[in-house]
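Shown next, in structure tokens, is the structure this report addresses.
So you know, we letter chains A, B, ... as the sequences are listed, proteins then strands, and number each from 1.
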Amino acid sequence: MQNITGTSDIFGEALEKFVFVENTARDYFSSLGFEEIRTPIIEYQEVFTKSLGDVSDIVMHQMYSFEDKDGSQVVLRPEGTAPAVRFYIKNLQYSKPRSKIFYIGPMFRREKPQKGRYRQFHQIGCEIFGFGSGESDSYLIYIADSFLKKLGVESIALVNSIGCRVCRPRYIEQLREYTYSKDLCPDCVRRREKNPLRVLDCKIDAEKLNDAPAISDYWCEDCKYNFDKVCKYLSDFSVKFRHETKLVRGLDYYTGLVFEFYHKDDMKSAILAGGRYDFLVEFMGGKPTPACGFAMGIERLINFIQMPSRAPRGGVFIAYTEDTREFAFWLFRSMKESKDLLRQKKVIDEKYVRIVEEFTKGRLEINLDPSRGLKSQFRQADSEGYKFIFIIGMEEVSGKFISVRDLEKSEQFQISLQDFRTFLQ
RNA sequence: GUGGGUGUAGCUCAACUUGGUGGAGCAUGGGACUGUGGCUCCCAGGGUUGCGGGUUCGAGUCCCGUCACCCACCCCA
């Protein structure tokens, strides 16, 4: 038995990083007024064929799709923007036309797996609807940048504008014309017809295309004005960015501003990307609404995240011997069930405060195998990073005290059972 | 989807030029210390060598197929 190609069980260190990224995102984007949404993992196929363009690779070969029992075509979502737009049209466009939302979840694309590329992968995305200004563009890039900083990921942003409905068709025509004068690789010959912009992305032909016409020379007044404004604001926000004239996007719905973030040491695969898509809402059946968003790949992100090597010690572990287990479990339950001891000021004696904190705010666990020796229980408590061990043996029960070992300081002391019981009641 | 590389214990890797009874470190469990962690020492458990076929007296090793992972292309977050 093995898991499906390109999927993985996430656990241990990788899971810690996942959770860290997700929690940081939730806190940060919420604090900026974004609302979280969770859309279904399965959608009707048309949600994506309509939005991504039916010639895109994702739609043509990469979607997991199947016929549902009622005959409808259903897919596992390959990306998050189209469902977000569907959600916006259905739930927000009238009640809250200017909306900021974010999502976190798995996406599916049937590609050949590789580093940073999996068939089930996870994205965090932010989308803003109803804002059409350069201010909103640069704001979005700024929060992407500051989020990466929060994670400790050193990044560089590439920005460009692929023009609007007015100027892009003019440019595409010129670009296609230009490519006929070049000897291009077979892939590019194919792309030239379908999606000439992507020829600029080609790695093989990159040098040949150095003198290709640049979109920036074809921008209309509005596009130029807007792009300059974005660059100015980005400088004001001190975002590290570069105008990359050859930057384009793979998905059809983008218009105007586009951007990608890379880790500073790895310019090969983008960790975050996005752009403006002013006509998608309308195209999917909503009111004309300007929109802009980005998504990042969690798997790609966590390659660059360093978690603190070892968490500080914390918590209480109860160790006992075979003949004291009843008492030990009674103690465990009493401790587990007594909350807010400190707020109730039940803990009078100063010397107990730290211990009580450890098991009310931190971990409290008890040995589950009565046949184990104390040594083995100590080893477990140590390797799992507990701070205190409560030792319950015959000596303690008959002497009416608890031995407490501080694993950090390697000290051991006794506390009176009578004292301890008074505030557990 | 195309091309290349790699699959040996839970993990990282040995097993040589030329086929001859698969080992170590780490991790886990136990002991030395019969009620005390980390350090040290000792012992133990764990493997159809990814899977299937072929060549051979004999295959972890050579050949073919297949699957998985990694790398590049492609695509994209």
Side-chain angles (χ1 to χ4, degrees), chain A residues 1-8 11-13 21 52 55-63 78-81 104-126 144 148 185-188 190-191 195 198 201-205 248-251 254 259-263 268-275 293-303 310 313 317 319-324 369 371-397 403-412:
Chain A
M1 293 282 281
Q2 55 192 17
N3 46 347
I4 291 177
T5 302
T7 68
S8 57
F11 68 102
E13 203 181 321
V21 170
L52 304 183
V55 294
S56 73
D57 258 66
I58 292 179
V59 166
M60 285 197 305
H61 329 101
Q62 297 182 349
M63 285 203 296
E79 60 104 47
T81 297
I104 300 175
M107 308 292 166
F108 304 84
R109 292 181 200 171
R110 202 182 185 293
E111 299 183 87
K112 188 154 176 178
Q114 210 178 109
K115 192 179 185 64
R117 190 170 90 181
Y118 309 96
R119 290 187 177 177
Q120 176 176 342
F121 61 104
H122 299 78
Q123 285 191 333
I124 301 173
C126 288
L148 294 176
C185 70
D187 284 323
C188 285
R190 182 174 47 83
R191 278 189 289 237
N195 192 350
R198 295 205 54 82
D201 255 356
C202 184
K203 277 133 201 150
I204 304 168
D205 293 329
V248 297
R249 308 267 57 233
L251 276 22
Y254 286 106
F259 55 91
E260 289 181 349
F261 280 71
Y262 290 83
H263 188 268
K268 262 189 288 189
S269 70
I271 51 179
L272 182 155
F294 63 77
M296 54 193 130
I298 301 183
E299 284 85 352
R300 289 185 180 182
L301 224 37
I302 65 174
N303 287 330
R310 211 183 44 202
R313 284 187 179 280
F317 186 91
Y320 56 90
T321 55
E322 207 154 349
D323 41 11
T324 57
D369 181 355
S371 66
R372 297 168 79 196
L374 278 182
K375 184 190 196 66
S376 137
Q377 299 182 47
F378 266 62
R379 279 195 183 144
Q380 181 191 342
D382 179 46
S383 74
E384 291 178 6
Y386 284 92
K387 179 157 173 58
F388 294 112
I389 299 179
F390 276 28
I391 304 155
I392 314 295
M394 281 311 284
E395 261 180 59
E396 282 78 7
V397 171
S403 295
V404 178
R405 185 164 184 88
D406 183 329
L407 287 171
E408 202 164 55
K409 296 181 177 158
S410 297
E411 289 170 358
Q412 197 161 321

*When you compare G7(B) with C39(B), how far apart are their P atoms, in angstrom units rounded to a whole number?*
33 Å

*Donor-acceptor contact present, side-chain Arg300(A) to main-chain Gly116(A), <3.5 Å*: yes

*Minimum heavy-atom distance Ser403(A)-Glu396(A), with the two atoms named*: OG-OE2, 2.6 Å

_Atom-to-atom span, NZ of Lys375(A) to P of C39(B) - whole angstrom_ = 12 Å

*In which ranges does RNA chain B form stems of 3 or more consecutive Watson-Crick or G-U pairs, distances under 3.5 Å?*
B:1-7 with B:67-73, B:10-13 with B:23-26, B:28-32 with B:40-44, B:50-54 with B:62-66

*What closest approach, in Å, do Pro78(A) and Met107(A) show between heavy atoms, and which atom pair accounts for it?*
O-CB, 3.8 Å

*Glu299(A) and Gln120(A): which non-hydrogen atoms are nearest, and at how many Å?*
OE2-O, 4.0 Å

*Over how many whole Å does the gap from Leu301(A) atom CG to C76(B) atom P extend?*
20 Å

*Describe the nucleic acid contact of Ala381(A) in one word from base, sugar-phosphate, nothing, applying a heavy-atom distance below 4.0 Å.*
nothing

*Could you tell me whether Leu407(A) contacts a base, only the sugar-phosphate backbone, or nothing, with contacts defined as non-hydrogen atoms closer than 4.0 Å?*
base

*asked:* Between A77(B) and U8(B), how far apart are the two C1' atoms, rounded to whole Å?
replied: 36 Å

*Indicate yes or no for a side-chain donor-acceptor contact from Gln377(A) to the backbone of Arg372(A) under 3.5 Å, with no hydrogens or angles considered.*
yes

*Picking from G38(B), A77(B), A72(B), which would you name as closest to the side chain of Asp382(A)?*
G38(B)

*asked:* How many whole angstroms separate atom CZ of Arg119(A) from atom C1' of C75(B)?
replied: 13 Å

*What nucleotide among A77(B), A72(B), G37(B) has an atom nearest to a side-chain atom of Arg313(A)?*
G37(B)

*Counting side-chain heavy atoms from C-beta on, which of G35(B), A77(B), G37(B) comes nearest to Ser403(A)?*
G35(B)

_Between P on G35(B) and CD on Glu322(A), what's the gap in Å once rounded to a whole number?_
12 Å

_Over all strands shown, is Ile389(A) touching base, sugar-phosphate only, or nothing at heavy-atom distances under 4.0 angstrom?_
nothing

*asked:* Which heavy atom of Phe108(A) sits nearest to which heavy atom of Phe121(A), and what is that distance?
replied: N-CE2, 4.2 Å

*Mind calculating the distance between CZ (Arg117(A)) and C1' (A72(B)) to the nearest angstrom?*
10 Å

*How far does the C1' atom of A9(B) sit from the matching atom of G25(B), given to the nearest Å?*
12 Å

*Which part of the nucleic acid, if any, lies within contact of Gly385(A), taking any heavy atom under 4.0 Å across all strands shown: a base, the sugar-phosphate backbone alone, or nothing?*
nothing

*Which of the following nucleotides, C75(B), G38(B), C70(B), is nearest to the side chain of Arg379(A)?*
G38(B)

*Within this structure, what is the CZ-to-P distance between Phe378(A) and G31(B), rounded to whole angstrom?*
14 Å

*Donor-acceptor contact below 3.5 Å, side chain Arg405(A) vs main chain Phe390(A)*: no

*asked:* Quick check for you: to the nearest 0.5 Å, what is the distance between Ile104(A) atom CD1 and Gln123(A) atom CD?
replied: 11.5 Å

*For the base of G35(B), is there a side-chain donor-acceptor partner from Glu396(A) under 3.5 Å away?*
yes

*Remember a base hit wins even if backbone is also touched, and classify Thr5(A) as base, sugar-phosphate or nothing at under 4.0 Å, heavy atoms.*
sugar-phosphate

*Determine the Euclidean distance between corresponding C1' atoms of A14(B) and A24(B); express it in Å to zero decimal places.*
7 Å

*G35(B), G37(B), A77(B): which one has an atom nearest the side-chain heavy atoms of Glu395(A)?*
G35(B)

*asked:* What is the separation between atom CD on Glu13(A) and atom P on U12(B), rounded to the nearest whole Å?
replied: 13 Å

*Heavy-atom pair with the smallest gap, counting every atom of Ala273(A) and Arg249(A)*: CB-NH1, 3.5 Å

*Considering only side-chain heavy atoms of Leu374(A), which listed nucleotide, C73(B), G1(B), U36(B), is closest?*
U36(B)

*Select one nucleotide: of C69(B), C71(B), G35(B), the one nearest the side-chain heavy atoms of Pro113(A).*
C69(B)

*Please work out if Gly116(A) contacts a base, only the sugar-phosphate, or nothing of the nucleic acid, heavy-atom cut-off 4.0 Å.*
base

*Which heavy atom of Phe294(A) sits nearest a heavy atom of Met296(A), and at what distance?*
CE1-CE, 3.9 Å

*Rounding to the closest angstrom, what is the interatomic distance between C51(B) and C33(B) at atom P?*
44 Å

*Rounded distance [0.5 Å steps], OH in Tyr320(A) versus CD1 in Ile391(A)*: 14.5 Å

*Quick one: Arg249(A) CZ to C75(B) P, roughly how many Å, whole number?*
13 Å

*On a plain distance test, is the side chain of Ser410(A) in donor-acceptor contact with the base of G38(B) below 3.5 Å?*
yes

*What nucleic acid atoms does Gln62(A) come within less than 4.0 Å of, heavy atoms only: base, sugar-phosphate, or nothing?*
sugar-phosphate

*asked:* Using OP1 and OP2 only, check whether a side-chain N or O of Gln114(A) sits under 4.0 Å from A72(B).
replied: yes

_Nucleotide nearest Lys115(A) when distance is taken to its side chain, options A77(B), C71(B), G1(B)_ = C71(B)

*Whole-angstrom distance between G38(B) and C73(B), as gauged at atom P*: 49 Å

_Is it the case that the base of C76(B) and the side chain of Arg300(A) share a donor-acceptor contact (distance under 3.5 Å, atom types as modelled)?_
yes

*Taking the same atom, C1', in C13(B) and in U18(B), what whole-Å distance lies between them?*
23 Å

*Report yes or no: is there a donor-acceptor pair, N or O only, under 3.5 Å between the side chain of Arg405(A) and the base of G37(B)?*
yes

*asked:* Work out how far the C1' atom of G23(B) is from that of C16(B), and round it to whole angstrom.
replied: 14 Å

*Have a look at Met394(A) and say if it touches a base, only the backbone sugar-phosphate, or nothing, with a 4.0 Å heavy-atom cut-off.*
base

_Distance-only donor-acceptor test, Gln377(A) side-chain atoms vs U36(B) base atoms, 3.5 Å_ = no

